[in-house]
Amino acid sequence: MATPYVTDESGKYIAATQRPDGTWRKQRKVKEGYVPQEEVPVYENKYVKFFKSKPSLPPGLSHAEPPANKTQQSTKPETETTLSKSVKRNMKRKEKRKQEKGELEAVEETRQDMEKISISENVVQKDKVNSENADAEKAKKLKNLRKKLRQVEDLQQKIDSGEIKQPSKEQLEKLARRKALEEEIEDLELDL
């Protein structure tokens, strides 16, 4: 599309145009020799020009279709050439059904094999996971009990040294739990 120019005594202008939504663009003053963006030719380097000038086919090959040879037609089995289109179509459908049925059977066998394998592996894995979880829980509980016992011993030292003159009710309860903590730690150590 050529850009409409308006020329008057003050210079060259691009005429006002209407946008698709109905509003108008203002006319714009342009310098002499201005070429609009859509009219500027696209730059092509020497490689692009070379490949555009190069023929699409190799030398000696033309666009004309080669005549059909009798040797190509005779490669088909004679039974297919004598059958009608509908019979050929039905034969293809039957072959396709056989292939699909064979694939479905193979998939079903594989699925059943996978179920058998996954069941036996799951049992072994569950036993491993359960024993690992139980050991981890015991170790965690043992760590917590040792921490509580350490806190009780620290509290006892503070009371003995005189840092804490009057222990609170909670502190006395904590001291009373010392025997039970030691027994629990011994039981857990024997289990591990």
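If you're wondering where the values come from, they're calculated on a predicted model, not measured in any experiment.
- To the nearest 0.5 Å, atoms CD (E186) and CG (L188) are separated by 10.5 Å.
- In this structure, L145 CG and K138 NZ are separated by 13.5 Å, a value rounded to the nearest 0.5 Å.
- Side-chain contact between Q171 and L175 is absent, with no heavy-atom pair separated by less than 4.5 Å.
- Between K174 and E170 there is no salt bridge, since no side-chain N of the basic residue sits under 4.0 Å from a carboxylate O of the acidic one.
- Applying the 6.0 Å contact sphere to CZ of R25 captures more than 12 heavy atoms from other residues, nucleotides or ligands.
- Here the options are K147, R146, E153, the test is side-chain contact (heavy atoms from CB on, under 4.5 Å), and the partner is L149; only E153 passes.
- E137 is not listed as a side-chain neighbour of K141, based on a closest heavy-atom distance of 4.5 Å or more.
- Checked by atom type and distance alone, the side chain of E39 never pairs as donor or acceptor with a backbone atom of P36 at under 3.5 Å.
- When all heavy atoms are compared, the tightest approach of G22 to Q18 is O-NE2, 3.1 Å.
- The side-chain heavy atoms of I185 and E182, taken from C-beta on, include no pair separated by under 4.5 Å.
- Rounding to the nearest 0.5 Å places OG1 of T17 at 10.5 Å from CD of Q27.
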Set out, in order, the CA-CA distance, both residues' side-chain angles and the distance that settles side-chain contact (heavy atoms from CB on, under 4.5 Å) for Q156 and V152, then state yes or no. CA-CA 6 Å; Q156 185 66 45; V152 168; 5.5 Å; no

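- For K148, the NZ atom counts as loosely surrounded, since its 6.0 Å shell holds 12 or fewer non-hydrogen atoms of other residues, nucleotides or ligands.
- Remark: L181 CG to K179 NZ distance equals 12.0 Å, nearest 0.5 Å.
- Between the CD atom in E109 and the CD atom in E105 there is a gap of 7.0 Å [rounded to 0.5 Å].
- The backbone N or O of Q157 sits less than 3.5 Å from a side-chain atom of S161, completing a donor-acceptor pair.
- The closest side-chain heavy-atom distance from R97 to K101 is not below 4.5 Å.
- The distance from atom CG of D154 to atom CD1 of I159, rounded to the nearest 0.5 Å, is 11.5 Å.
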